[in-house]
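Right, one structure below, let's go through it.
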Amino acid sequence: MPLVIINKSKFDQAGLSYPTDDWTWDDMVELGKKLTIRDEQGNVSQYGLGIGIDIEWWEPFVLRNGGRYVAPDGSAAHGYVDSPATIEAFRLIVDAFRVHSIVRMPNEPSRYREGQEYKEAAMNFAFAWHFHHHPDPDQEYAVVGLPNMPGGVNANMIYMAGAHVTKKSAHPRLAWEFLRHYLMASRSWILPITKSSAVEQGLTEHPVWSRYLQELDVIQLGAFFLNRKWNASRQLINDDIRRMIVDGADVAQTMRSWTRFA
């Protein structure tokens, strides 16, 4: 499940208060403008927001705006991915790149190597595994819920279902012992499967992990779980998103064409 990780030091340097869970999309954009740093030549040393270009990463904003990619049973995309609520959410995200310039454009090089791009932004859209791999996460970073969208829906998307031992495993007990250690004893980035495990590991009281756990109350299945054809079309769709951002391809027209992917 994704949330927004904020770099507290970047906010402090800008003299800005940390956002809270009642913030809106417009609030995030305004913060992003104030936190984006450019020199006189227009070169950016810090972006306000970091988010990848991926149909699945954008889905939580669509859900929070009252839209969907596919029907709840996964049977169709027509009437969902081309709905006004879904298109509105996409336009807002595309505008963050093209209009407000608070996110690095896909054709712009990053000063950071792969996996460390989060350092260039004051706010980052981030799944639990992103936060787990940040250095000194408890001291330097804080986490806040995704901004409220115009549609006013409190929702999020679960990205992975979890881990299990296949029935074809030649060593099921050894596999289980590994999973038990990885998921419970060593406390990996995967959230525990039961509330009792979360309590035992102290996650329900942790300032960051407790916030991720709260999202379990509002999650919905992503379209990639619901429709195999949609999932298989991910790269084609992502290429279209890049054209929206870089070339200014018409958002509504492009999204109407995606009804063929389910």
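Here the structure is a predicted model, which means the values were calculated and not measured.
The closest side-chain donor-acceptor pair between D27 and T24 falls under 3.5 angstrom. Judged purely by distance below 3.5 Å, without hydrogens or angles, the side chains of D82 and Y69 never pair a donor atom with an acceptor atom. Side-chain contact annotation: S169 with T166, donor-acceptor N/O pair under 3.5 Å absent.
At least one side-chain heavy atom of M255 sits less than 4.5 Å from a side-chain heavy atom of M244. Side-chain contact between Y141 and V208: absent, with no pair of heavy atoms (C-beta onward) separated by less than 4.5 Å. Using a 4.5 Å heavy-atom threshold, the side chains of R104 and F97 count as separate. You'll find the side chain of R38 stays beyond 4.5 Å of the side chain of N43, heavy atoms only. For the pair S101/K33, no side-chain contact is recorded, criterion being any heavy-atom separation below 4.5 Å from C-beta on.
The side-chain hydrogen bond (donor to acceptor under 3.5 Å, both in side chains) search around S17 returns none, not counting sequence neighbours. Evaluation of the side-chain contact (heavy atoms from CB on, under 4.5 Å) rule for L236 yields F261 as partners, not counting sequence neighbours. Listed by chain and residue number, V4, I6, P19, D21, W23 satisfy the side-chain contact (heavy atoms from CB on, under 4.5 Å) test with V144 (two or more places apart in sequence, or in another chain). By the ring pair (Phe, Tyr, Trp, His ring centres under 6.0 Å) test, F125 pairs with W57, F61, F127, sequence neighbours left out.
Atom OH of Y18 is separated from atom CG of D12 by 3.5 Å, given to the nearest 0.5 angstrom. The CG atom of L63 lies 10.0 Å from the CG atom of L221; values are rounded to the nearest 0.5 Å. A distance of 4.0 Å separates CD1 in I55 from CD1 in I241, rounded to the nearest 0.5 Å.
Using a cut-off of 4.0 Å between Lys/Arg side-chain N and Asp/Glu carboxylate O, R91 and E88 are scored as not salt-bridged. With respect to the salt-bridge test (charged N to carboxylate O, under 4.0 angstrom), the residues D240 and R243 qualify. Ion pairing of E140 with K8 is absent here, as no side-chain N (NZ or NE/NH1/NH2) approaches a carboxylate O to less than 4.0 Å.
Counting only residues at least two apart or in different chains, salt bridge (Lys or Arg N to Asp or Glu O under 4.0 Å) contacts with residues 49-64 comprise D54-R234, E56-R234. Applying the side chain to side chain donor-acceptor pair (under 3.5 Å) test to every pair with at least one member in residues 216-230, sequence neighbours left out, gives these pairs: R68-Q220.
Under a cut-off of 6.0 angstrom, the local environment of NE2 in H78 is sparse, with at most 12 non-hydrogen atoms contributed by other residues, nucleotides or ligands. Within 6.0 Å of CD in E108 there are more than 12 heavy atoms belonging to other residues, nucleotides or ligands. The 12-atom threshold is not exceeded at CD of E40, counting heavy atoms of other residues, nucleotides or ligands nearer than 6.0 Å.
Listed here is the closest heavy atom pair of L146 and P60: CD1-CB, 3.6 Å. Smallest separation of non-hydrogen atoms from N107 and V246: ND2-CG1, 3.8 Å. A85 and N65 make their closest contact through O-ND2, 2.8 Å (heavy atoms, listed as atom of the first residue, atom of the second, distance). Contact between I102 and G32 at its shortest, heavy atoms only, is CG2-C, 3.5 Å. The two residues A14 and L35 make their nearest non-hydrogen contact at CB-CD2, 3.8 Å. Minimum heavy-atom separation, A76 to A262: C-CB, 4.1 Å.
Distance alone, capped at 3.5 Å, is enough to place a donor-acceptor pair between the H206 side chain and the W209 backbone.
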